[in-house]
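Letters A, B, ... are given to chains in the order of the sequence lines, protein chains preceding strands, and every chain is numbered from 1.
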Amino acid sequence: MSSFDDSDAFEAASAASLSARAMAARAMPHLDGLNPAQREAVEQMEGPVLMLAGAGTGKTKALTARIAHLLATGTARPNEVLAVTFTNKAAREMKNRIGALMGQAVEGMPWLGTFHSICAKLLRRHAELVGLKSNFTILDTDDQKRVLKNLLSVNSVDEKRHPPRWVSSFIEQCKNNAWTPDKVPAANDLELWCDRIFDQSTLAEAPNVYEFSRRNPDSGAVGRHIIMASTIYAQYQTRLRELNAVDFGDLLLHVIRIFQENDDLLAQYQRWFRYILVDEYQDTNVAQYLWLRLLAQGHSNICCVGDDDQSIYGWRGAEVGNILRFEKDFPGAKVVRLEQNYRSTGHILAAASGVIEANKGRLGKTLWTDGDDGEKVRLIGHWDGEEEARWIGEEIESMGQGTRGMDPIGPNDIAILVRASHQMRAFEDRFLTIGLPYRVIGGPRFYERMEIRDAMAYFRVVVSPDDDLAFERIVNTPKRGLGDKAQATIQKMARTNGVSLLDGARLAVETKALSGKGLKELTRLVDQIGHWRALMQGGLRQVGPVDDLIEEDRPTIDALSHIELAEVILDESGYTAMWQNDKTPEAPGRLENLKELVKALESFENLQGFLEHVSLIMDNEADDHEPKVTLMTLHAAKGLEFPAVFLPGWEDGLFPSQRSMDESGLKGLEEERRLAYVGITRAEKVCTISFAGNRRVYGQWQSQLPSRFIDELPEAHVEVLTPPGLYGHQGGMAASASPVAEMMRGSDLQEKAARADVYNSPGWKRLQQNQGRFGMRQPSEAKNVTIDAEAISAFSVGDRVFHQKFGYGEVISVEGDKLGIAFDKAGEKHVVGRFVVAADAAGDVPF
DNA sequence: AAATTATACGTTTTT
DNA sequence: CGTATAATTT
């Protein structure tokens, strides 16, 4: 875990490299099983190398083999290799695989990690060069938003028109592009409207506010006042410095600035990192590119691995241009293409290739395989989204039995990949009713949950008493009667004395700036924090003026373990009690999460180490053992593979997403197409694409057209399926119904023409001919499966029950193992009995 | 200060 | 339609 405790990594690494050199004489097992292209990429150690690695071509294998080769040949010591990834998961996997290749010989690679963790490490060493202390805190999006909200209101910005998260994404965009506040191009800057009109005297006191001469289209008023977004950005940076804090983008930018302003230091690191490797290079943004270029200058021993066809993060600043430009940026670069695919069948590869070929300006690769053609990509249309979910559910069940001579495929080997997370709901609903276990990847992350963040804010206050944001978060959580008024008093006290909020609170207590209950509660909180701090450090116990909480009056105390300390903090602060007293359905889960948090502390030496880890590592691999179908977005699926993949919702507007096309035009469409390519290439054996003719969008029923990507699937590699149980309804329900529906909605002519044209497209005609009918049918009343006499429900009508997702409710019908339940909050649902528990037991059952 | 009602809005997401 | 925030009430 500890890419951070590198203090003696150098020593350890040097020792390790001796044995590495010794190994050079011996065989090199890491080269075994590499194909010629992979081997070339591994053995070309000097100079710039671009490894263009298509989906499933053994990219990680080649990358790890290359590192192993550098070490095994004694070309580099472990601490001289800088290997950067985007995610912690990727870093972890690489570490494991290198370990497996090298045996125990290499202790660790201190500079293998994410861009952010490596930058955090560098910045802690040199923080003072950018005016920070080395114990700076790393803000998450929530903290950022709070800082920004404050700035916006101070500047009278109209928060209705420019919500904090909007300004926050502006700043993020600037940082992705390595624009400091003074370097924001005028064309990219934004005018933020003020929420009031200044008069001459107030305007004089607001130096950043300008008169905006254009007419306000809303009110018709002239003389609106504005402030530039880059000005807010500048203030934001100042504020972060005051807080001794950085955001994620700053980790990169501060390090870049340090390198740019300190030639000697840069030279030192250039000498130190003799070999640089970068994973997922197509996802790098401008800042990351600059960072890499600074470090690679000189030796140019940089190996970038990526696939321009899998660049799907343009919307968050990734520059495909970086990978397309590589040979220009690094003259003499060797380009190696990995094109042999070890993952998917021939039909699947051919279908994926057919789709991606429609993109322009690719570096170009042709995937091929030694393996079987396998089954064709399957394509199926449904009446609506619910039927699509129903069909996929049944298909998954039959895959479990093994269909058409294929080996059974269990839930763990199946994934459903959607374009947008809201598509998951239809599947969740369906799977819940048929009792198909599933797992959703990519929901709210563990460390982003409210209770976890609250708990960590307590830890932060104890670890660093001047962490104002953390103090602000916990001062009235749980409710202590310290509302806006009390907090304003504390703020004022802190500001006028130039101290932290905690010290401000201490002063407020001493000077009795508050009264009654507020004073008592604040006194207690301040004393408690002092007490916890003492528990952390050990030694003489601090004796507060009003210290009625601490029962024993020991003059000295021993330092508690950080785990005990965490428990004490959560307990004494009343935070645990707050959730125990909470009657909402999510309260038991939150308590469970808190327990998990404390458990997670075990793998750390102290609270500081834990907090550093958490601020950079936001992933939480749930370790459940039950086989489950995976439900996730296409974005989340990159890098993964499954024997069977379902790709539902291939409808124009949904996928490709209308918004992408509107906002980014052809570029956006091409990125969507790459997403389609990523989706198809996740499948090893079976890939099933589907669409619905009708779908509910924001509550309104809308007729949908099959995705244009469906037309791009090469016919020879696609098999069109027809759902079972069809009767009547000859062909092309959507073809006839949709345009009519379109006209009734009175959309403009151009759009109608464009849409009508789809029906003349070769792909659609082909499908019509091939199928005769396309599986469109009226939704038959879904008859629920007959009652299994063996299945005796543990519940009866009238029982109070609790459900993990829907909360509390009352059983209103029982049909075999299926229950009809009227939920208090979620309405009426049909659910399989094993997903609910008797309501009185809900409090004790850890889900 | 909590509970309730109104209203706006509605990809993709890691660090 | 459903959720998440804001505004309003009690």
(request) Using whole Å, report how far CD of A/Glu612 lies from C1' of B/dT15. (result) 12 Å

(request) Only pairs at least two apart or in different chains count here, so list each salt bridge (Lys or Arg N to Asp or Glu O under 4.0 Å) that has a residue in residues 691-707 of chain A. (result) A/Glu386-A/Arg696, A/Glu388-A/Arg695, A/Glu651-A/Arg695

(request) Send over the distance from A/Arg316 CZ to B/dT14 P, rounded to a whole Å. (result) 7 Å

(message) Determine whether A/Gln144 and A/Thr141 satisfy the following criterion, side-chain contact (heavy atoms from CB on, under 4.5 Å), listing intermediate values before the conclusion.
(response) CA-CA 5 Å; A/Gln144 278 177 57; A/Thr141 47; 4.2 Å; yes

(request) Could you say whether the aromatic ring of A/Trp315 and the base of B/dT12 stack, counting only centre distances under 5.5 Å and plane angles under 30°? (result) yes

(request) Rounded off to whole Å, could you give me the CZ-to-P distance for the A/Arg659 and B/dC9 pair? (result) 11 Å

(request) With DNA chain B as reference, determine whether A/His116 or A/Lys479 sits nearer its 5' end, using the nearest nucleotide of each. (result) A/Lys479

(message) Quick check against the 3.5 Å criterion: does A/Ser664 have a side-chain atom that pairs as donor or acceptor with the backbone of A/Lys667?
(response) no

(request) Using a strict cut-off of less than 4.0 Å between a Lys/Arg side-chain nitrogen and an Asp/Glu carboxylate oxygen, indicate whether A/Arg659 and A/Asp662 qualify as a salt bridge. (result) no

(message) Whether the side chain of A/Thr681 engages the backbone of A/Val678 through a donor-acceptor N/O pair (distance < 3.5 Å, no angle test) should be reported.
(response) yes

(request) To the nearest Å, give me how far apart CG (A/Leu123) and C1' (B/dT15) are. (result) 14 Å

Distances under 3.5 Å between nitrogen or oxygen atoms of protein and nucleotides 4-7 of chain B:
none

(request) Indicate yes or no: at least one non-hydrogen side-chain atom of A/Val255 is less than 4.5 angstrom from one of A/Leu251. (result) no

(message) Give me the atom names and distance for the closest heavy-atom approach of A/Arg708 to A/Leu669.
(response) CD-CD1, 3.9 Å

(request) Check each residue of residues 283-294 of chain A for a non-hydrogen atom within less than 4.0 Å of any atom in DNA chain B, then write out the ones that pass by number, or none. (result) none

(message) For a quick check of understanding: with a heavy-atom distance under 4.0 Å over all strands, which category does A/Glu280 fall into, base, sugar-phosphate or nothing?
(response) nothing

(request) Determine, using ring centers only, whether A/Tyr313 and A/Trp315 are less than 6.0 Å apart. (result) yes

(request) Specify the residue among A/Gly249 and A/His635 whose closest nucleotide of DNA chain B lies further upstream toward the 5′ end. (result) A/His635

(request) Check whether any side-chain N or O of A/His254 sits under 3.5 Å from a backbone N or O of A/Ala127 as a donor-acceptor pair, and report yes or no. (result) no

(request) Respond yes when some side-chain nitrogen or oxygen of A/Asn88 is under 4.0 Å from OP1 or OP2 of B/dT15, and no when none is. (result) yes

(request) Report the residue from A/Asn177, A/Asn176, A/Asn322 that forms a side chain to side chain donor-acceptor pair (under 3.5 Å) with A/Asn285. (result) A/Asn176

(request) Figure out the CG/P separation between A/Leu634 and B/dT12, and round it to whole Å. (result) 11 Å

(message) Can you check the distance between C/dT5 and B/dT12, where both ends of the measurement are the C1' atom (answer in whole Å)?
(response) 22 Å

For nucleotides 3-5 of chain C, print each protein N/O atom paired with a nucleotide N/O atom at under 3.5 Å, atom names and distance only.
none

(request) Measure from CG on A/Asn176 to P on B/dT14 and round the result to the nearest Å. (result) 14 Å

(message) Within the 4.0 Å heavy-atom criterion, would you say A/Tyr698 contacts the bases, only the backbone, or no part of the nucleic acid?
(response) base

(request) Measure the distance from CH2 on A/Trp701 to P on C/dG2 and round it to the nearest whole Å. (result) 12 Å

(message) At less than 4.0 Å, is any side-chain N or O atom of A/Thr633 found next to OP1 or OP2 of B/dT13? Yes or no.
(response) yes

(message) Less than 4.0 angstrom from a charged side-chain N to a carboxylate O is my criterion; do A/Asp307 and A/Lys59 meet it?
(response) no

(message) Starting the side chain at C-beta, find the nucleotide from B/dT13, B/dT15, B/dT12 nearest to A/Tyr313.
(response) B/dT13

(message) Please confirm whether the shortest side-chain N or O distance from A/Ser117 to OP1 or OP2 of B/dT15 is below 4.0 Å.
(response) no

(message) Please pick, from B/dT12, B/dT14, B/dT13, the nucleotide with the shortest atom-to-atom distance to any side-chain atom of A/Thr87.
(response) B/dT14

(request) Please report the closest heavy-atom contact between A/Tyr438 and A/Val440, naming both atoms and the distance. (result) CE1-CG2, 3.7 Å

(message) Tell me whether A/Arg124 contacts the main-chain N or O of A/Phe136 through its side chain, where contact means a donor paired with an acceptor under 3.5 Å.
(response) yes

(message) Distance check needed: B/dT15 P versus A/Lys638 NZ, whole Å only.
(response) 12 Å

(message) Treating A/Asn150 as the side-chain partner and A/Val147 as the backbone partner, does any N or O pair qualify as donor plus acceptor under 3.5 Å?
(response) no

Using a cut-off of under 3.5 Å, enumerate the N/O to N/O pairs linking the protein to nucleotides 6-8 of chain C.
| unit_1 | atom_1 | unit_2 | atom_2 | d |
| --- | --- | --- | --- | --- |
| C/dA7 | OP1 | A/Lys160 | NZ | 3.2 |

(request) For A/Phe610, enumerate each residue passing the ring pair (Phe, Tyr, Trp, His ring centres under 6.0 Å) test, keeping only those at least two apart in sequence or located in another chain. (result) A/Phe604

(request) Using the C1' atom on both, measure B/dT14 against C/dT3 and round to a whole Å. (result) 24 Å

